[in-house]
Amino acid sequence: MAKLFLLQASLLAALASSVQASFHAVTGNYNVTGYNWTNTGLSANLTALVSGQVPNLVLTVTYVTDDILRVHITDADSPRFEVPNIVQLSGSNYDSTNYNVTLQNFPFSLSVTRLSDGRVLLDTASSLQFVSNDIYWPNQFNGSAKVFGLGERVTSDFALGTGVYTSWARDNPSPVDNGTYPGNNMYGVHPFFLAVDTNLNNSAFGGFFVNANAQDAFVDSNLVAWRTIGGVVDYYVLDGPTIPQVIDQYHSLIGYPTLVPYWGLGWHQSRWGYNSTKALKSVLIKYNNLDLPLDALWSDIDYMSAFEDFTVDSTNFAGLGSLVQSLHGMNKHYVPILDSGISNANYAGYINGTAMNVFLPSPITPNQPYTATAWPGSSVWVDWNSVNATTYWGNALYSLYNQVNFDGLWLDMNEATTFCNGECGVNPVFNETALPYLPGNYSIQNKAIDLAVQHAGGVLNTEYNLHSLWGYYEAMATNNFFSQYMQKRPFIISRSTFAGEGTFASHWLGDNLSQWAYLRYSIIGIYNFHLFGIPLVGADICGFDGNSTAELCARWTQLGALYPFSRNHNSNNTVSQEPWAFDQTLLTTSRQAIRVKYSLMLYYYNLMFTQSLRGGVWFQPAFFEYPNDPVLFANSSDSFMIGSNLLVHPVLTQGVSTLQAYFPKDDWYNLYTGAYINATVNQTFTLDADLPGLVNIHVQGGSIIPTLIDSTTAMNVIDLRNSSISLVIAPSNATGTATGYVVFDDGMNPNTIAQDKFEIVQYQWYALDSTISYLTVSVLTDNYYVKPTWEFPTIKSLKIYGSTARPDNIVWYNADYEYEVPYDVDVDTDMQVVTITFDNGIISDDSATLEFTY
Ligand SMILES: *[C@@H]1O[C@H](CO)[C@@H](O)[C@H](O)[C@H]1NC(C)=O
Ligand SMILES: *[C@@H]1O[C@H](CO)[C@@H](O)[C@H](O)[C@H]1NC(C)=O
Ligand SMILES: *[C@@H]1O[C@H](CO)[C@@H](O)[C@H](O)[C@H]1NC(C)=O
Ligand SMILES: *[C@@H]1O[C@H](CO)[C@@H](O)[C@H](O)[C@H]1NC(C)=O
Ligand SMILES: *[C@@H]1O[C@H](CO)[C@@H](O)[C@H](O)[C@H]1NC(C)=O
Ligand SMILES: *[C@@H]1O[C@H](CO)[C@@H](O)[C@H](O)[C@H]1NC(C)=O
Ligand SMILES: *[C@@H]1O[C@H](CO)[C@@H](O)[C@H](O)[C@H]1NC(C)=O
Ligand SMILES: *[C@@H]1O[C@H](CO)[C@@H](O)[C@H](O)[C@H]1NC(C)=O
Ligand SMILES: *[C@@H]1O[C@H](CO)[C@@H](O)[C@H](O)[C@H]1NC(C)=O
Ligand SMILES: *[C@@H]1O[C@H](CO)[C@@H](O)[C@H](O)[C@H]1NC(C)=O
Ligand SMILES: *[C@@H]1O[C@H](CO)[C@@H](O)[C@H](O)[C@H]1NC(C)=O
Ligand SMILES: *[C@@H]1O[C@H](CO)[C@@H](O)[C@H](O)[C@H]1NC(C)=O
């Protein structure tokens with residue numbers, strides 16, 4: 001005990017030397033005064049040994065599943081705030097657990113051990129502290145691990161260094177957070193971590209601290225401990241033991257991501273400063289004239305009248321409604337911004353909300369709404385706990401929709417951020433200096449609604465408790481508007497997020513900088529949001545604040561076109577950065593980059609779709625797929641994987657035309673040419689990286705990648721929906737086999753998964769011997785009955801990598817029927833690529849076998 005305490009005390013001293021609060025856990029703050037093991041877990045009573053601690057606590061331990069354990073500790077005598085309804089998996093559902101729980105009574109300590117290898121996943125030692133507004137949840141583990149996750153922040157490495165990481169939703173434009181005070185946390189709160197053993201013995205585990213109050217997480221190689229200033233201890237132990245299992249366990253708790261519309265994966269153009277309908281129209285014309293695909297045009301705050309939500313500036317944006325109609329005529333989409341602060345001028349947004357009693361009350365004069373300055377000037381904010389909030393929001397969005405038929409919404413400033421601290425012109429009612437501990441060691445009242453504001457629904461619903469959930473509830477109400485009111489699949493990009501928000505909305509990484517370092521940071525940011533279950537995510541391509549340059553913008557477009565969410569966006573006081581803004585190199589590179597993503601649109605959609613079905617991540621560091629490779633582990637943002645089968649080496653530095661690229665031990669083929677990389681011995685290869693040019697993408701041996709032939713001409717992703725498919729078949733050297741799949745649905749129904757309206761088709765390639773090989777088409781789920789003919793493209797060609805074998809004959813057959821397939825074949829003996837083109841195409845979604853005879 002003494003030794004454990006010394007570790008924590010020294011860590012805290014080193015990390016938090018400037019923190020006011022004293023730390024209490026010397027010999028243990030609690031004893032267990034009664035306990036009861038049951039077949040679903042454990043309950044116990046804890047009694048304080050030290051004054052100042054909450055005198056009586058109730059501990060409840062629940063075996064949630066074989067691999068997930070919940071620990072809940074709260075005040076036995078009075079109710080405390082708890083995060084409502086985030087966790088989707090409750091109760092006990094297990095056969096026999098893969099972990100073991102140990103309770104020590106005098107003083108209290110709790111530990112959880114993984115049975116298979118004895119790893120300690122949780123050890124509180126005797127250091128639990130439970131002061132009313134200062135809870136310390138100690139959480140040590142044995143061995144040595146790298147820690148990932150823990151909320152939204154910019155970090156130079158995916159793995160978090162030893163340090164303290166603060167969580168509290170706030171508008172903080174992309175400072176680098178190196179784990180020292182003051183905290184540099186940003187918009188999103190996700191108190192989840194993934195820990196991976198540094199010995200790379202494929203041992204991983206995780207933890208989820210369900211708490212929304214301002215908090216610090218202390219990270220070291222054997223520790224993730226939380227110190228929070230409210231709520232309760234509600235902690236989930238996730239026992240892994242592999243990285244994908246930890247992620248699956250977390251996603252099963254927070255819920256799987258909302259299914260996004262097909263067009264959401266396409267290319268988006270935005271900027272602050274498209275200040276008229278004419279300006280938007282000229283961007284659209286440029287895209288069309290320059291042969292650049294575009295899926296959505298966006299408006300920042302420029303379009304509103306006086307920055308008032310739900311209004312359109314009738315002077316500068318006259319005709320916006322008809323511009324949006326013409327966008328729709330071109331199968332393109334429109335996404336405007338909304339701010340969190342609603343003007344309290346005499347306009348419908350305010351009048352309706354007042355009549356419906358949905359605004360947060362002032363803590364000074366509670367019969368008046370709370371006001372502070374935001375974009376429209378004096379503003380009020382919706383109380384999402386108020387009875388009428390969702391109805392008010394739906395009506396207001398509908399009134400905007402009646403003016404402009406938007407397709408998605410961009411929710412900004414929803415931390416929620418104001419331009420004041422509390423109410424403008426007066427000190428906040430909330431007295432932060434009275435707090436025993438200040439997470440992050442900065443003012444949590446900064447740019448925030450007065451933390452003393454009382455929300456509806458009970459005295460515990462203070463802004464102090466609910467602050468970091470404002471964006472979560474706004475996204476929930478907005479999702480309700482799209483899915484219930486409009487019967488459309490929601491497309492929502494929200495700046496502030498909380499654990500579980502992926503079930504409603506998506507995200508962009510906020511206000512970044514037009515600097516080279518931010519290319520790498522963006523990759524890490526996307527990794528994090530995949531861990532957090534919010535997969536449609538990207539950074540502002542070419543950078544938001546500061547001026548971009550031709551070369552930076554070209555490299556960023558190469559990378560950004562491969563983000564799940566690909567949007568070029570820019571601040572108002574900066575030089576233009578559209579694909580045509582600098583030079584011909586950028587223009588050519590951009591066109592190629594966007595078309596590469598379009599060629600992979602089916603592959604992206606497959607990944608997105610299956611993640612909504614069963615969780616997991618797919619924009620990921622290669623070490624998630626090759627967990628025992630120390631080079632990948634140590635350099636996790638040099639490359640990334642899209643799904644399990646594509647490895648990307650982006651250029652992240654200025655002034656290069658080649659790249660030293662590390663490949664994990666496997667078979668790799670250049671996606672575009674089929675050129676083979678033999679990563680068996682020396683795994684660093686020099687790749688061409690000229691501009692203009694294509695980003696380096698390699699296909700893993702053993703995989704089949706569906707590519708879309710019309711990507712060379714499509715002007716939006718809807719144009720791709722009737723495109724024929726070319727299957728890139730990259731057989732594994734060892735087995736000669738390859739596998740891939742596609743998902744077909746209508747791409748827009750909000751209830752596709754609930755109503756089972758989709759089809760999954762698997763393709764498999766294998767050889768019987770050197771004279772016969774097969775391609776099988778297997779329909780795995782076939783519930784997509786609405787089948788407009790154009791929804792089901794044919795397979796027009798196959799590109800078989802690593803082969804020079806020319807088939808003499810190809811036969812298609814199923815149980816009832818067979819025919820000889822007419823085809824052309826081209827063999828590239830240098831590259832070792834066989835291209836087979838079918839005269840009539842092969843049906844992509846009927847179970848059948850193609851037999852190739854040589
Ligand atoms: C905890 O204390 C309460 C109140 O004294 C008692 O009813 C309950 O049985 C105790 N539980 C255990 C597990 O000892
Ligand atoms: C212990 O748990 C059992 C089973 O749930 C219950 O019947 C019993 O009342 C509990 N005892 C105490 C002291 O809480
Ligand atoms: C679980 O832990 C307890 C206390 O350390 C120990 O007595 C018990 O044997 C362990 N059970 C297993 C299956 O390891
Ligand atoms: C961390 O960043 C701060 C600036 O935010 C800097 O002052 C400090 O030196 C950095 N510390 C380390 C260890 O890099
Ligand atoms: C819109 O922006 C352009 C270019 O920055 C500027 O010249 C023009 O004056 C602006 N128009 C309005 C109405 O603000
Ligand atoms: C909801 O709005 C209606 C007006 O539409 C109002 O009469 C009612 O009082 C509001 N409900 C609450 C709980 O504020
Ligand atoms: C305000 O309410 C009126 C009457 O129901 C409705 O027509 C209008 O669209 C609403 N506007 C907003 C911004 O909510
Ligand atoms: C705020 O709290 C501090 C510390 O408890 C106290 O000294 C101060 O008087 C309080 N300020 C106000 C305005 O109540
Ligand atoms: C960006 O470029 C503009 C126009 O050249 C210039 O006025 C501005 O100062 C530049 N901004 C920065 C941050 O360099
Ligand atoms: C950009 O926005 C700032 C803040 O509103 C404003 O002061 C400035 O004039 C804007 N610049 C342009 C070019 O629109
Ligand atoms: C890959 O390299 C290894 C070692 O040089 C060699 O043995 C093997 O034949 C090569 N494989 C291919 C397919 O070129
Ligand atoms: C292995 O790769 C490194 C880095 O690219 C290179 O310097 C070295 O010459 C290579 N060695 C062999 C044997 O190919």
Side-chain angles (χ1 to χ4, degrees), residues 31-47 56-64 70 72-74 76-77 90-94 101 103 105 108 301 303-314 317 320-321 336-362 366-370 374-376 379-406 409 411 453-459 461 473-474 477-478 480-482 484-486:
N31 272 351
V32 175
T33 47
Y35 64 93
N36 191 10
W37 291 93
T38 68
N39 58 0
T40 61
L42 160 73
S43 59
N45 290 328
L46 274 51
T47 303
N56 301 301
L57 301 177
V58 182
L59 162 73
T60 312
V61 174
T62 310
Y63 310 133
V64 180
R70 180 184 188 190
H72 185 275
I73 305 175
T74 191
D77 303 315
S90 59
S92 291
N93 178 15
Y94 66 97
V101 181
L103 176 70
N105 295 342
F108 161 75
I301 53 177
Y303 80 95
M304 298 180 199
S305 168
F307 302 133
E308 290 174 355
D309 276 352
F310 329 118
T311 69
V312 175
D313 176 341
S314 60
F317 284 86
L320 180 60
I337 200 168
L338 282 177
D339 278 327
S340 64
I342 290 170
S343 168
N344 66 357
N346 188 27
Y347 92 112
Y350 180 68
I351 295 166
N352 289 6
T354 303
M356 295 177 79
N357 192 26
V358 299
F359 298 126
L360 288 170
S362 163
N367 58 339
Q368 297 288 315
Y370 162 82
W375 283 113
S379 302
V380 296
W381 278 263
V382 171
D383 174 358
W384 299 110
N385 290 71
S386 68
V387 171
N388 287 330
T390 303
T391 308
Y392 161 76
W393 192 246
N395 288 343
L397 295 184
Y398 194 65
S399 83
L400 176 61
Y401 184 82
N402 276 335
Q403 301 166 73
V404 183
N405 291 178
F406 59 79
L409 285 170
L411 307 177
V453 160
Q454 179 66 51
H455 294 239
V459 290
N461 287 343
Y473 286 117
E474 186 194 31
T478 308
N480 181 75
F481 166 77
F482 282 110
Q484 306 301 317
Y485 220 87
M486 303 294 291

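All ligand and atom numbering here is 1-based and tracks the order in the structure. One-based numbering along the sequence shown.
Less than 4.0 angstrom separates some heavy atom of S399 from each of these atoms of ligand 7: 9 (O), 11 (N), 12 (C), 13 (C). Contact atoms of ligand 6 toward N357: 14 (O) (distance under 4.0 Å to a heavy atom of the residue). Atoms of ligand 6 lying under 4.0 Å from any heavy atom of V387, numbered from 1 in the order shown and given with element: 13 (C).
Distance check on atom 14 (O) of ligand 6: some protein heavy atom falls below the 4.0 Å cut-off. The protein reaches atom 2 (O) of ligand 6 closely, with a heavy atom under 4.0 angstrom from it. For atom 8 (C) of ligand 7, the nearest protein heavy atom is under 4.0 Å away.
Of the residues D313, I337, L400, the one that meets the side-chain contact (heavy atoms from CB on, under 4.5 Å) test with M304 is I337.
Between N36 and ligand 2, at least one pair of N/O atoms sits closer than 3.5 Å. Between N395 and ligand 7, not a single N/O pair is under 3.5 Å apart.
Ranking protein heavy atoms by distance to atom 5 (O) of ligand 6, first place goes to M356 CG, 3.8 Å. For atom 11 (N) of ligand 7, the nearest non-hydrogen atom of the protein is N352 ND2, 2.9 Å. Atom 10 (C) of ligand 6 has its closest protein heavy atom at N388 ND2, 2.5 Å. For atom 4 (C) of ligand 6, the nearest non-hydrogen atom of the protein is A355 O, 3.8 Å.
We find the CD-OH distance between E308 and Y347 to be 5.5 Å, quoted to the nearest 0.5 Å. A distance of 5.0 Å separates CG in D309 from CG in L338, rounded to the nearest 0.5 Å.
Listed for the N45 side chain is no donor-acceptor partner under 3.5 Å among the backbone atoms of G34. Under a 3.5 Å cut-off, the side chain of N461 and the backbone N or O of A456 do form a donor-acceptor pair. Between the side chain of T62 and the backbone N or O of R70, no donor-acceptor pair lies under 3.5 Å.
Taking a 6.0 Å sphere around CG of N346, one finds it holds 12 or fewer heavy atoms contributed by other residues, nucleotides or ligands.
Centroid-to-centroid, the aromatic rings of W375 and F307 come within less than 6.0 Å.
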